[in-house]
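Report on the structure given below.
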Amino acid sequence: MSVVAHRESEVRSYSRIWPAMFDHARGSWLYTKPGTAYLDFFSGAGTLSYGHNEPRLKRALIDYLERDGVTHGLDMFTTARADLMNTLSTLILEPRSLDYKIVFAGPAGATAVEAALKLARKASGRKVVGYFNMGYHGMTAGALSVAGNAERRASAGVPLGYSVELPYDLDPNGPATEVPDFDRLLEGTGRLADLAAVIVETVQGEGGMNTARSAWLRALAEACRRHGALLIVDDIQMGCGRTGPFFSFEDAGLVPDMVCLSKGIGGGGVPPSLLLGRPRAGGGAGRGG
């Protein structure tokens, strides 16, 4: 640990919580070099859906490297890229009748969020994005502008604008008929005319495992549609089967304008980042165009 103490910056997070130095990992277990085993409840912040070094995933990765598969191609066309799109289309999108274009946003969830915010503003010609208290979407500047945590927002070090906070559904046991008047809430922000989109997690992870009711989500989607704002679902932490169906919004019957994916979409420890978006996403939440 001496070189770490001497050379590594204090800008770090998780190693402050568990200071052990890990050497290898299998399945649900992490091991230090002396061989002490730790049950891994963290799983790469949800990235390792199949555990550490799952044999079939590891074999596929080794085979790809050994045949000199392209490992860095920016956004060039590659067979691996085409294979991923074909698999996602055939197994996930088409069975659900989802007509989404796929944006390869980068190597982490926050980049999918950044891409969604930029696309929403470009498509709508508006600037403001609604977000929810206690929500979390990443630590880049754009993602922090839609964070519902004051301490995280302050970490940007600069004022964060063009966003408005809305109250999240904190009564999961409440009657389905009792949902907020989202028209009144949106109008109450004073920014409705310039509202480009609303970004929401159907289940908040970082915010405390809060689950929004299906009726609440549908009411939000309908209000967005009425006012021409795009609905963005951040499914980075809760998508890829974590809530049961592949997408966390399926049980609510939603078809968001944009869906942010990362973490579990990779499976092998490298978290790619995808943004799914309706063609001509400026049509507004729930519209087909």
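When reading the values below, keep in mind they use all heavy atoms of this one structure, side chains included, and skip hydrogens, waters and symmetry mates.
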- Query: Is there a side-chain contact between V198 and V129 (heavy atoms, below 4.5 Å)?
  - Reply: no

- Measure the spacing between CG of D235 and NZ of K263 and express it to the nearest 0.5 Å. 12.5 Å

- Query: Tell me the salt bridge (Lys or Arg N to Asp or Glu O under 4.0 Å) pairs involving residues 141-164, sequence neighbours left out?
  - Reply: R152-E206

- Query: With a 4.5 Å limit on heavy-atom distance, are the side chains of D23 and T32 in contact?
  - Reply: no

- Task: Supply the atom-to-atom distance L230 CG to L117 CG, rounded to the nearest 0.5 angstrom.
- Result: 11.0 Å

- What residues form a side chain to side chain contact (heavy atoms under 4.5 Å, CB included) with E66, not counting sequence neighbours? R59, I62, D63

- With a 4.5 Å limit on heavy-atom distance, are the side chains of Y131 and L166 in contact? no

- Task: Verify, without hydrogens or angle tests, whether R126 (side chain) and L195 (backbone) share a donor-acceptor contact under 3.5 angstrom.
- Result: yes

- Message: If you define the side chain from C-beta out and look only at heavy atoms, does anything of I236 sit under 4.5 Å from V113?
- Response: yes

- Any residue meeting salt bridge (Lys or Arg N to Asp or Glu O under 4.0 Å) with E165, in chain and number order, not counting sequence neighbours: none

- Message: Could you measure the distance from the CD1 atom of I265 to the SG atom of C260? Nearest 0.5 Å is fine.
- Response: 12.5 Å

- Message: Taking side chain to side chain contact (heavy atoms under 4.5 Å, CB included) as the definition, give me every residue that meets it alongside A37, ordered by chain and number, with sequence neighbours left out.
- Response: W29, Y31

- Shortest non-hydrogen contact between Y168 and N210, atoms and distance: OH-O, 3.5 Å

- Are any side-chain N or O atoms of S262 and backbone N or O atoms of P272, one a donor and one an acceptor, separated by less than 3.5 Å? yes

Between side-chain atoms of residues 71-82 and protein atoms elsewhere (two or more places apart, or another chain), which donor-acceptor pairs fall under 3.5 Å?
| residue | atom | partner | partner atom | Å |
| --- | --- | --- | --- | --- |
| T78 | OG1 | R81 | N | 3.1 |

- Flag side-chain contact, heavy atom, 4.5 Å: M258 against V233: no

Considering only distance and modelled atom types, tabulate donor-acceptor pairs under 3.5 Å from the side chains of residues 135-145, sequence neighbours left out.
| residue | atom | partner | partner atom | Å |
| --- | --- | --- | --- | --- |
| H137 | ND1 | D234 | OD2 | 2.7 |
| T140 | OG1 | E114 | OE2 | 2.5 |
| S145 | OG | G142 | O | 2.5 |

- Item | Residue pair K33, F22: steps toward the side chain to side chain contact (heavy atoms under 4.5 Å, CB included) verdict | CA-CA 7 Å; K33 200 162 187 178; F22 301 106; over 6 Å; no

- Value for CG (D99) from CG (L276), rounded to nearest 0.5 Å, stands at 11.0 Å

Which atom pairs, donor and acceptor, lie under 3.5 Å between side-chain atoms of residues 84-95 and protein residues at least two apart or in another chain?
| residue | atom | partner | partner atom | Å |
| --- | --- | --- | --- | --- |
| T87 | OG1 | D83 | O | 2.9 |
| S89 | OG | E94 | OE2 | 2.9 |
| T90 | OG1 | N86 | O | 2.8 |

- Message: Using the side chain to side chain contact (heavy atoms under 4.5 Å, CB included) criterion, which residues pair with R56? Sequence neighbours excluded.
- Response: E54

- Item | Check against side-chain hydrogen bond (donor to acceptor under 3.5 Å, both in side chains), D183 and H227 | CA-CA 8 Å; D183 292 305; H227 295 288; 2.6 Å; yes

- Minimal heavy-atom distance between D251 and S214, with the atoms involved, is O-OG, 4.0 Å

- Looking at side-chain heavy atoms only, is the closest gap between F182 and R226 below 4.5 Å? no

- Query: Is the distance between the ring centroids of F249 and W216 less than 6.0 Å?
  - Reply: no

- Query: Under the criterion side chain to side chain donor-acceptor pair (under 3.5 Å), which of T202, T211, T243 is the partner of S248?
  - Reply: T202

- Query: Between V255 and Y100, is a side chain to side chain contact (heavy atoms under 4.5 Å, CB included) present by the stated rule, with each step listed?
  - Reply: CA-CA 10 Å; V255 181; Y100 285 133; 3.9 Å; yes

- For R12, which residues count as a salt bridge (Lys or Arg N to Asp or Glu O under 4.0 Å) partner, sequence neighbours excluded? E10

- Taking side chain to side chain contact (heavy atoms under 4.5 Å, CB included) as the test, write out the residues that go with Y162, two or more places apart. R121, K127, R191

- Measure the CG-SG distance between L261 and C240 for me, rounded to the nearest 0.5 Å. 5.5 Å

- Note on the structure: salt bridge (Lys or Arg N to Asp or Glu O under 4.0 Å) filter on R213, not counting sequence neighbours, yields D169

- Message: Going by the rule salt bridge (Lys or Arg N to Asp or Glu O under 4.0 Å), which residues pair with E187 if we only count those two or more places apart in sequence or in a different chain?
- Response: none

- Item | Straight-line distance of L185 CG to L220 CG, nearest 0.5 Å | 10.0 Å

- Note on the structure: Note: A20 and Y38 closest approach over all heavy atoms is CB-OH, 4.1 Å

- Item | Donor-acceptor pair, side chain of S9 and main chain of V11, under 3.5 angstrom | yes

